[in-house]
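Note that ligands are numbered from 1 as they come in the structure, with each ligand's atoms numbered from 1 the same way.
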Amino acid sequence: MSALPASFSPVSFDRDAATRIMRRCRELRAISASPGAYTRLYLTDEHRRAADLISHWMRQAGLAARMDAAGNVIGRIDGTDATAPALVLASHLDTVRDAGTYDGQLGVVTAIEAAAALIRRADKEPLPFPLEVQAYADEEGTRFHTMLLGSGFVTGLEDASVLAKADSEGVTISEAMKGFGLTPERIGDARRQAGDFRAYIEVHIEQGPVLEAEGLPLGTVTAIAGQIRAVVRVRGMAGHAGTVPMAMRRDALAASAEAILAIEAVAKAGADLVATVGEIQAGPGASNVIAGETRFTLDLRSGNGLAKAAAFEEIERRLREIGTARRVVFEIEVGSNTGATACDPGLIECIDEACEAVQGRSLHLLSGAGHDAIALAGLCPIGMIFVRCEGGISHNPAENITEADAGAAFAALLHAAQTVIRRG
Ligand code: GLV
Ligand code: MN
Ligand code: MN
């Protein structure tokens, strides 16, 4: 473990906070759909248990905690002017399948820790406006293939029209909400308005290798790449594996294999593009039956909106071509399409100052990963602090950070929040 940076401000650094952040991330990790792999999806029993624990920590910190109509956990303290726009510190509480320990969770528990510190200091430095800690119930889009549902319902990026989307078992968001104890007809109650928030700051692991290579615990995010998430359905014809000649087949799985390689080729041919097919199902699903149907996911990202749109069109064209040649039908259903999102110059400056105070210098990074900050950018200025992770590994159980870096993230978040408070 690396040593704590020597230049920590004694005002803002609290060694116990770093220990608590790491312990709480491990406690959240224990709330999983299966003991062998860390998985916590939207509107599940695990979501409920994690939300209860986070609410408890929020109350311990001095925040009033509630679950909103979308299943997000919102902690709030009003400050001296309860009607003023709030400063929001946030991240997400859901995970991918077989996840690492820190993606999302680190930001939530660090935000709670920073709120606790600000509340403890409020006799010396009163909070002039409300402070909210928000823990979003769905950022990853793992269950419903639509990312940012939690923060999207808060900001209006998503609305009731998405509730009919179904998970892989055919359960719609609306049905899952009812099963969870939420009322889908009231989803609009989760919506907050422009003017409710003055600024949004999120701590998140970098999920890439740059900070480690630079020998720095923290970085300042300047922008977040845009991404398209889609589900592709391929309809061919099921048949007997022994009797249908190769030339007469309409094999949906072979067509999908060709399509996946075409998607990879489109992304490789472009600059600043990545494309991933991370999940596939084939039916009816027997070794002696030609696949009649498949369904696979598409995740396409770029920092350049034009490049992303052009690549998506090219993928559509290539899939149509493959469909014609193989006599199968491709249908692409886009679940979400976000543009590249810029962080606010004032918050970038404020986070730079915080990083300089904590580690001597700041470093600017572009985020290839999606974050709740994308949704919040629709309502208020956003800023993000990235935290070094071992080997740049994320979306993988090997995801790891040091306690010292958690302490650095806490110190920087607190510093940045105090700057926002002092600037008013
Ligand atoms: C969120 O983790 C993403 O996939 O970008
Ligand atoms: Mn993630
Ligand atoms: Mn995340």
Using the side chain to side chain contact (heavy atoms under 4.5 Å, CB included) rule, pick out the option among R76, E202, R192 that qualifies with Q134.
R192
Within the 6.0 Å centroid threshold, strictly below: H371 and F386:
yes
Can you confirm, on distance only, whether ligand 1 has an N/O atom lying under 3.5 Å from any N/O atom belonging to G368?
no
Out of curiosity, is H371 lining ligand 1, as in a heavy atom under 4.0 Å away?
no
H92 touching ligand 1 at heavy-atom level, < 4.0 angstrom
no
Give a yes or no on whether R317 atom CZ has more than 12 heavy-atom contacts from other residues, nucleotides or ligands under 6.0 Å away.
yes
At the Mn ion (ligand 2), what angle lies between atom NE2 of H395 and atom OE1 of E140, rounded to 10 degrees?
90°
Ligand 1 to R301 polar contact by distance, N or O atoms, under 3.5 Å:
yes
Would you say Q227 touches ligand 1, if touching means a heavy atom closer than 4.0 Å?
yes
Side-chain ion pair, R301 and D299, N-O less than 4.0 Å:
yes
Where on H204 is there a heavy atom closer than 4.0 Å to ligand 1, on the side chain, on the backbone, on both, or on neither?
neither
With a cut-off of 2.8 Å, does any N, O or S atom of D103 fall short of it relative to the Mn ion (ligand 3)?
yes
